[in-house]
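Presented below is the structure to which this report refers.
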Amino acid sequence: MMRYTITAALPYANGPVHIGHLAGVYIPADIYTRYLRLKGHDALFICGSDEHGVPITIKAQKEGITPQEVVDRYHTIIRDSFAEFGISFNIYSRTSSKIHHQTSSEFFEKLYQDQVFIEKESEQFYDSKANQFLADRYILGNCPKCGAENAYGDQCEACGSSLNATELINPRSAVTGHTPELKMTKHWYLPLDKYEPFLKQWILEDHKEWKTNVYGQCKSWLDSGLQPRAVSRDLDWGVPVPVDGANGKVLYVWFDAPIGYISATKELTPDWEKYWKNKDTKLIHFIGKDNIVFHCIVFPAMLKAEGSYILPTNVPANEFLNLEGDKISTSRNWAVWLHEYLRDFEGKQDVLRYVLTANAPETKDNDFTWKDFQDRNNNELLAILGNFVNRSMVLTHKYFDGKVPEPEPNAFVAFDKEIMDEFPIIKQKIETLIETFHFREALKEAMNMARLGNKYLAETEPWKVIKTDPDRVKNIMYIAMQITAGLSQVFEPFLPFAAAKIRKLLNFETVDWNLIGNCKALPIGHQIANPELLFTRIEDEHVVAQVEKLQSTKQQNLSNKFKANDSKPLISYDEFAKMDIRVGTIVAAEKVAKTKKLLKLTIDTGIDQRTVVSGIAEFFEPDKIIGQQVSILINLAPRELKGIESQGMILMTEDADGTLRFVQPTLQTKNGCEVK
RNA sequence: GCCGAGGUAGCUCAGCUGGUUAGAGCGCAUGAUUCAUAAUCAUGAGGUCGGCGGUUCAAUCCCGCCUCUCGGUACCA
């Protein structure tokens, strides 16, 4: 028996969870854990809500409630969704819990006492009216790049630039509107660079077996050199930094969140140390690809620094799931939310589990479509698995009053043996596949067991043989029932609800991986229950409704969500008149080498032909905009971009969905005409 | 741009360290069958393995260049 600690990424408690989360992290982790338990291993499955961090405080502020109220709401929704989908956590905890605060505090203290951290002072914005330091997201100002108002301190949403708060022009606090001042503040840094040699050895040399996407990402980070990372922030929501003079400082969320795995284990069992500190325990982190660097580099560095913990054996990160061809997006509401699915498809947890496993983004991003969902339910789950179980039960009832018939041991024919011999082979394949995190393939092999069952019945034709050789049918149905019993075991990790239902129908409650394929699980004479259908057909109207729902939320989002920005302060006519805006025509366009967004345009302004560098390359093909009339600000001070002098600025507008459009006269207009 | 991961039958994906006619499921076609939720079983059609070069007796698998998708990072009036 082996011991495993299995973690699934802590979902961030600022929204519900959707099918992308389930497909990428929780279902694979659940399959893995259920499998290990079936094999008799000691496997703890740990998860919880990640409840700290700035986005939650912002959400709370927007809604006029406390951060705790925000996380309480989503923690409940998330926890219940997982429970209903049969994600078999041993514990689903949360990082706002007392035990987590305590655990992460102690963790920090240990590193602090061992003098692992670097202490560093730097200047940060401080709001003297609110008496607090401001996180980057809490500072608004004019974007230094594009001049847009209300750029955030970390990013301008108008032009997409990532910023430093100190670059903002006219910065103001999002809390009070006050102009913040720069003030020195002290923070603690984890010197990741010091652990670089260790990490290089541990990952690049000792864990070449990790998935290529994970290994590649790590190599990329390690090769480019690691930097010390701040582990604290000036914020009042989180785990307070347990050091004198650290008032108003909390642990940075990336530091406390992974410790959540440890606190949850602690909450679960007094025996927790054996799952985290015993060298024989295998620690497996299931995550999405966005989390690779934290789980492969940062958290291991923390654990290593602490000294008494084991490091992960593997970090099987998955890619992302798309939905009907588009990226899943919480803000655009382009998602299938679990709590809504549970309401719309009551009792169909396994259908989604099946589809998401069969189409899991294991090696690359994958697409979920409702059509595929319908097809897989109707043509695979129902037609192959459900149908086999049903027909073997119906036949057993018809010929043997629902009792497992007694076979004549010497009467098994070559074909019987051939079929029976297949099952241990498939079982072995599934084991290897699950143990190497190939869940998609493993599920396919499990389905092959049901296929084999169908094939067996089709070839042996008990409904014909019964007329001529009833004894032979005893052997046939004996085997068919044993196959069914095997299915009730093999699907336990993948489709726990269906597996349990098959066992209920068989009147057979034992769960044991080793029963798969031994073809004698059900005793002779065993009475089975009446047949019931495992799966029901999903009709077109159900999936059409879902697609329409998606389309309409998408439409609504577009029209509803857009809110015109507030008017800027008044200016005089003279101020306006300073801007010399002309009608021009694009006469040449080419991509600026080594950039993604920049086009080098040559504009005929009526006065001259000049070069303008414009960040529109993601929306326009150079060839297709030649001849396009534009409005151009011609007396903007030239600026050099990527070595090219840009002499002016093309006026663009951005539609609600982010698409850029030219602002041009309604009819062809002479170049050089003024816009006024 | 740089780094990483992908681009294999209509669709979704397997293909270990290069080696005979490149595989599976779904879909499609044909046939068989009726115990079963018009479910099942068999057979078959379908691919210049993103493109171009190179190494090799031999490349989907190695190398170079290009191209497209996704992620990270940089840049972005």
Side-chain angles (χ1 to χ4, degrees), chain A residues 143 145-148 156 158-162 211-224 288-290 292-293 317 319-320 322 327 355 358-369 371-372 375-376 378-399 433 438 440-441 443-445 447-448 450-451 453-466 473 476-477 480 531-537 591-599 601 612-618 632-633 636 639 641-642 646 648-652 660:
Chain A
C143 173
K145 307 276 172 63
C146 72
C156 170
C159 69
S161 313
S162 39
K211 290 177 65 167
T212 50
N213 56 341
V214 176
Y215 187 90
Q217 276 281 335
C218 292
K219 189 169 186 324
S220 166
W221 274 78
L222 290 170
D223 286 350
S224 59
K289 67 173 160 185
D290 51 332
I292 290 173
V293 61
E319 301 285 305
F320 288 152
N322 293 327
K327 278 184 224 186
V355 175
N359 194 24
E362 281 177 4
T363 52
K364 63 175 185 188
D365 290 359
N366 264 348
D367 196 26
F368 175 93
T369 65
K371 176 79 172 76
D372 182 59
D375 285 346
R376 287 193 188 271
N378 294 351
N379 304 333
E380 297 178 30
L381 274 183
L382 185 149
I384 313 277
L385 175 59
N387 186 38
F388 171 72
V389 172
N390 186 240
R391 61 201 299 217
S392 47
M393 291 205 49
V394 167
L395 288 168
T396 302
H397 272 280
K398 204 163 183 170
Y399 303 143
L433 288 166
H438 295 88
R440 204 168 44 197
E441 283 284 303
L443 177 62
K444 201 183 267 184
E445 288 297 338
M447 283 303 279
N448 280 341
R451 286 201 168 86
N454 279 318
K455 181 191 168 100
Y456 181 70
L457 289 182
E459 304 237 343
T460 54
E461 299 182 303
W463 50 90
K464 273 188 186 167
V465 178
I466 192 73
V473 176
I476 294 171
M477 291 319 297
E532 279 175 41
L533 298 180
L534 283 181
F535 304 101
T536 53
R537 175 162 285 276
K591 273 193 90 157
V592 178
K594 303 184 181 187
T595 68
K596 195 152 72 182
K597 298 189 177 176
L598 297 184
L599 284 188
L601 306 174
V612 174
V613 177
S614 189
I616 60 173
E618 287 180 308
I632 172 171
L633 180 62
L636 183 68
R639 179 163 169 180
L641 292 164
K642 284 282 160 192
S646 181
M649 178 167 142
I650 307 292
L651 269 49
M652 308 293 296
L660 291 182

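Only this structure's heavy atoms are used, side chains among them; waters, hydrogens and symmetry mates stay out. In the text below, chain A, chain B and the rest are named by the order of the sequence lines, each starting its count at 1.
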Spacing of Lys219(A) atom NZ relative to G71(B) atom C1', expressed in whole Å:
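Answer to the nearest Å: 18 Å.
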Whole angstrom is fine here: how far is it from CD1 in Ile466(A) over to C1' in A36(B)?
16 Å
Between Lys444(A) and Tyr399(A), just flag the one whose closest nucleotide in RNA chain B comes earlier from the 5' side.
Lys444(A)
When the nearest nucleotide of RNA chain B is assigned to Asn378(A) and to Arg451(A) on a heavy-atom basis, which residue is associated with the more 5' position?
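Final value for this comparison: Arg451(A).
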Measuring only between side-chain heavy atoms, which start at C-beta, is [X] closer than 4.5 Å to [Y]?
| X | Y | value |
| --- | --- | --- |
| Val465(A) | Thr460(A) | no |
| Met447(A) | Leu385(A) | yes |
| His397(A) | Val394(A) | no |
| Asn454(A) | Arg391(A) | yes |

Name the orientation of the base relative to the sugar in G46(B): syn if the glycosidic angle is within 90° of 0, else anti.
syn
If you compare every side-chain N and O of Arg537(A) against the phosphate oxygens of A39(B) (OP1, OP2), does one of them come in below 4.0 Å?
yes
What N/O pairs connect the protein and nucleotides 68-70 of chain B at under 3.5 Å? Give each pair on its own line.
residue	atom	partner	partner atom	Å
C70(B)	O2'	Lys289(A)	NZ	3.0
C70(B)	O2'	Asp365(A)	OD2	2.5

Give me the distances for all protein-to-nucleotides 6-11 of chain B N/O pairs that come in under 3.5 Å?
residue	atom	partner	partner atom	Å
G6(B)	OP1	Thr212(A)	OG1	3.3

Per-nucleotide pairing state of RNA chain B [Watson-Crick or G-U, under 3.5 Å; [ ] pseudoknot-crossing; | other strand]:
(((((((..((((.....[...)))).(((((.......))))).....(((((..]....))))))))))))....
Taking only N/O atoms, report every protein-nucleotides 42-47 of chain B pair under 3.5 Å with atom names and distance.
residue	atom	partner	partner atom	Å
A42(B)	OP1	Lys455(A)	NZ	3.3

The criterion is side-chain hydrogen bond (donor to acceptor under 3.5 Å, both in side chains); which residues satisfy it with Asn359(A), sequence neighbours excluded?
Asn366(A)
Dump every N/O contact between nucleotides 27-32 of chain B and the protein below 3.5 Å, one line per pair.
residue	atom	partner	partner atom	Å
G27(B)	OP1	Asn379(A)	ND2	2.9

